[in-house]
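Quick notes on the structure that follows.
In what follows, chains carry the letters A, B, and so on, assigned in the order in which the sequence lines appear, proteins first and then strands, with residues in each chain numbered from 1.
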Amino acid sequence: MLFKRLYYRGKRQHSPILVMHSMPNRLSCNRLGITVSKKLGKAVKRNKVRRRIYEAFRLYEPVLKVGHDIVIVAKQKALLSEFGQYYNEIGGVLKRANLFK
RNA sequence: UGAGUAAGCCGGAUGGCCGCGGCGGGUGUUUUGCCCGACGAGGAAAGUCCGGGCUGCAUAGGGCAAGGGUGCCGGGUAACUCCCGGUAGAGGCGACUCUAAGGACAGUGCAACAGAAAUAGACUACUGCAUAUAUGUGCAGUACAGGUGGAAAGGUGAGGUAAAAGCUCACCGGCGGUAAGGCGACUUAUCGGCCAUGCAAACCCCACUCGCAGCAACACCGACAGGGGCGCCUGCCCGGCAUAUGCCCCGAAGGGUGGCUUGAGCAAUGCAGAAAUGCAUUGCCUAGAUAGAUGGUCAUCUGAUACAGAACCCGGCUUACAGGCUUGCUCAUACC
């Protein structure tokens, strides 16, 4: 399973509401996976968290290096956060992983 | 106006910018793309508790047994444990609500504690007789009163008696017969005798009913490896025909396609019916993803913040839910 390989071998960056795993692939595009466990709530709440992560990542995508696999895991604090916090923290972990062009 | 009761409905709206999903059209060199357009989660999509469709397996005709389910009556439905209407019982002043509501003369079993006694009886008590006599003791009769309990064996009143008792009578309740009404559950009337509890959400009996598994079902196509086999006359030999960079099978990806949405469909009108519902006509096409599409942000309105996300599809049930709306009915108060 691709997600497990990323958990063991990828680089890891933490922030208060999420964890990002990343490693290079040999493709000419970036691939994003999002993990939201059942601990965070029922389907509606999990969908909301996933959609906000997806949206924030989409806004950053034009300025990222290509050819990486990225998995973002949401923590429980993500339920209480506004979109602005998602945007700032995802920007932070992407910068620390040195994925900006 | 307040309190309540029953049925039903809504469950954020509008606009700008940036995005997502399949579909249709256009464009482009095949693909990847680009542009335009309309459409794109719920009343419960949930729990996965019932009933079906659909698919595979089994049986391929019928019966029996085991096991499961259901259980007043009639109707509705594709079907149901669902829905509608009724009967009986219980609750409420009432509108109305609730009920696993067959059978305890087929059999087995249970009824703790308390209480004298729980399917059988006499502790306190009442009455008579005998005896001694403040009053007790013994024998006999009774089951009215007391207390216990969920339940004490018909209830209330009168007669009756030494005191009593369905012992007798009237009314009520229960049981059985007959008659009338009703498709039926049952109701009403009348007659009879005077009557042995509750539990079958204990085993059980009776009646009706039921194959098993599920879309990760199932069908098809299959890359890179890898493995196996060789047609027909013919079971064998001979012989003949056909034939090989071929054909078939197994296996199988970070696979692909179908199943996948036109259906017991929705809306309006009319007819039948007390209702559930059925029939007819006209119109409409209204999500189909496959890591899983509805989001982000700004503005305005507002009291607006609930429960909650389709995953093969329908019919129900159950559970969760901020706030709001409509209609019928009941009770109380005030006014006319």
Side-chain angles (χ1 to χ4, degrees):
Chain A
M1 188 86 193
L2 284 171
F3 276 59
K4 280 189 175 169
R5 207 170 69 200
L6 263 175
Y7 289 154
Y8 287 112
R9 295 168 62 182
K11 284 188 279 185
R12 196 178 302 168
Q13 310 292 333
H14 291 269
S15 85
I17 64 169
L18 48 86
V19 181
M20 187 184 79
H21 304 264
S22 63
M23 64 182 289
N25 60 16
R26 298 200 181 98
L27 304 172
S28 60
C29 61
N30 286 327
R31 294 189 298 186
L32 173 68
I34 299 172
T35 297
V36 184
S37 79
K38 276 196 171 176
K39 274 188 280 185
L40 272 77
K42 298 194 176 183
V44 175
K45 293 177 181 172
R46 296 201 307 269
N47 269 344
K48 188 142 192 153
V49 170
R50 188 170 48 75
R51 284 167 180 160
R52 282 176 166 168
I53 293 172
Y54 210 78
E55 173 70 13
F57 185 82
R58 187 183 66 79
L59 294 174
Y60 282 115
E61 190 147 30
V63 295
L64 293 181
K65 298 176 182 173
V66 295
H68 286 86
D69 284 337
I70 297 166
V71 166
I72 296 178
V73 180
K75 298 184 182 177
Q76 275 188 321
K77 282 184 185 169
L79 283 176
L80 306 171
S81 307
E82 295 295 316
F83 179 75
Q85 194 173 352
Y86 282 82
Y87 186 77
N88 292 334
E89 295 201 6
I90 288 175
V93 292
L94 286 171
K95 189 173 184 182
R96 271 183 278 152
N98 198 21
L99 288 175
F100 286 113
K101 284 179 185 170

Euclidean distance for C1', B:rC301 against B:rU32 (whole angstrom): 46 Å

Pairing partner of B:rG136 (Watson-Crick or G-U wobble, both distances under 3.5 Å): B:rU131

Nearest-Å distance once atom P is located in both B:rG61 and B:rC82: 34 Å

Base paired to B:rU14 (Watson-Crick or G-U; both N/O distances under 3.5 angstrom): B:rA299

P atoms of B:rU187 and B:rG328, separation to the nearest Å: 37 Å

Least distance between heavy atoms, A:M20 atom then A:V93 atom: CE-O, 3.6 Å

Interatomic distance at C1', B:rG160 relative to B:rG176, whole Å: 30 Å

Pairing partner (Watson-Crick or G-U wobble, both distances under 3.5 angstrom) of B:rA219: B:rU257

Identified pairing partner of B:rG214, criterion: Watson-Crick or G-U wobble below 3.5 Å: B:rC54

B:rG265 and B:rA78, which share atom name P, separated by this distance in whole Å: 10 Å

Length of the line joining A:I90:CD1 and B:rG296:C1', which is rounded to integer Å: 12 Å

Base partner of B:rC329, which must satisfy Watson-Crick or wobble distances under 3.5 Å: B:rG4

Syn/anti label of B:rA41 as read from its glycosidic torsion, with the cut at 90° from 0: syn

Anti/syn call for B:rG270, syn if |chi| within 90°: anti

Opposite nucleotide pairing with B:rC247, Watson-Crick or G-U, both atom distances under 3.5 Å: B:rG229

Interatomic distance at C1', B:rA217 relative to B:rG71, whole Å: 35 Å

Chi-based syn or anti call at B:rU97, which uses purine or pyrimidine torsion atoms and a 90° bound: anti

Where the chi angle of B:rG43 falls, syn if within 90° of 0 and anti if not: syn

Base partner of B:rC93, which must satisfy Watson-Crick or wobble distances under 3.5 Å: none

A:H14 versus A:R96, closest heavy-atom pair with distance: O-NH2, 2.9 Å

Syn or anti conformation of B:rU327, syn meaning chi within 90° of 0: anti

Euclidean distance, atom CZ of residue A:R52 to atom C1' of B:rG309 [Å, nearest integer]: 16 Å

Nucleotide opposite B:rU99 in a Watson-Crick or G-U pair, distances under 3.5 Å: B:rA88

Distance between P atoms of B:rU135 and B:rA118 (Å, rounded): 37 Å

Integer angstrom distance from the P of B:rA311 to that of B:rA289: 14 Å

